[in-house]
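Numbering of ligands and ligand atoms starts at 1, following listing order. Everything numeric here is computed off the predicted structure, so don't read it as measured data.
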Amino acid sequence: MKCKKCGGVAVINMRHHRLALCADHYLDWFVNYTQRTIEKFRMFGPGDRLLVAVSGGKDSLALWDVLARLGYQADGLYIGLGIGGDDGYSAASQAKAQAFAEAHGLTLHVVDIKETYGESIPELARRTGRGRGKPCSVCGLVKRHVMNRVTLEGGYAALATGHNLDDEAAVLLQNTLRWQAGYLARQAPVLEATQPGLARKVKPLCRFYERETAAYALVRGIDYIYDECPHAVGATTIFYKELLNRLERRSPGAKHGFYLEFLRAKKKGQLLLPAETGEGLHPCERCGQPT
Ligand code: SF4
Ligand code: ZN
């Protein structure tokens, strides 16, 4: 397969774009396409300070790398969940995030949950008994709280997360199977700060397949953590991703169409969904954040 731009050896073929590219042209294309996504959804402007939620995985490090290459002022936020002990998942992913920040001269904020709140995520989950042995619901809640707080306290214009098209399509499938109109209304590349105390959230990689962000990270030589969190095993979204991958194998571009046509229809007002007002959120009695 040949690169469409220079005729060299292609490292990736993106059938939904009818585009095969060599390593150099792929890196250029990926950076430009991210900028086009930022502009298309009016995510932020050149002068805005951004906070990137960094997990040490390929998507968040690729996002941070691209934003830095585009010249945005983007700091990172790593949240230490305390999963897996001294040399387990959390310790290993933090090491990757810190090494990336140091190598690129970027600022990384680290919030260690145990140091800050007295208990790690697994300890908190055990004590509260939420989630029947899985710490994910507590973890999601705590992460959202910390990300929101650090974004607001740091005066950042937005919190950027590394969600890719596979993530978004899986959530869309999950919400559609249950016709969860409220969740469908809120699913978007930009979540506006609909009320005081709520940070703006953006997803600049939402138009890339997971294999495309992985290819970018590999070609750029980004050292990321390959392992998923051990608690992700058996997660519903992983099952939906597998279903969508089967669909994609049979009909290339299916995921792309499913997610982007949803956004297009929503924008055109073809879907009658409740307005996204942030209604139903109330300030927490302790910290004042909307919850
Ligand atoms: Fe937290 Fe791991 Fe569950 Fe993700 S899979 S929500 S990181 S505990
Ligand atoms: Zn080329």
By ring-ring contact (aromatic ring centres under 6.0 Å, His included), His109 pairs with (sequence neighbours left out) none

By ring-ring contact (aromatic ring centres under 6.0 Å, His included), Tyr78 pairs with (sequence neighbours left out) none

Enumerate, atom names and distances included, each donor-acceptor pair closer than 3.5 Å involving a side-chain atom of residues 23-46, sequence neighbours excluded.
from: Tyr26; atom 1: OH; to: Glu212; atom 2: O; distance (Å): 2.6
from: Asn32; atom 1: ND2; to: Asp28; atom 2: O; distance (Å): 3.3
from: Thr34; atom 1: OG1; to: Phe30; atom 2: O; distance (Å): 2.7
from: Gln35; atom 1: OE1; to: Tyr72; atom 2: OH; distance (Å): 2.7
from: Gln35; atom 1: NE2; to: Glu39; atom 2: OE2; distance (Å): 2.6
from: Gln35; atom 1: NE2; to: Tyr72; atom 2: OH; distance (Å): 3.3
from: Thr37; atom 1: OG1; to: Tyr33; atom 2: O; distance (Å): 2.9
from: Thr37; atom 1: OG1; to: Arg207; atom 2: NE; distance (Å): 3.0
from: Thr37; atom 1: OG1; to: Arg207; atom 2: NH2; distance (Å): 3.2

When every non-hydrogen atom of Ala217 is compared with those of Tyr224, the smallest separation belongs to CB-CE2, 3.7 Å

Sorted by chain and number, protein N/O/S atoms nearer to atom 1 (Fe) of ligand 1 than 2.8 Å are Cys139 SG

Is the Tyr89 to His231 ring centre distance short of 6.0 Å? no

Tested for side chain to side chain donor-acceptor pair (under 3.5 Å) against Asp166, the lone hit among Arg211, Lys255, Lys241 is Lys255

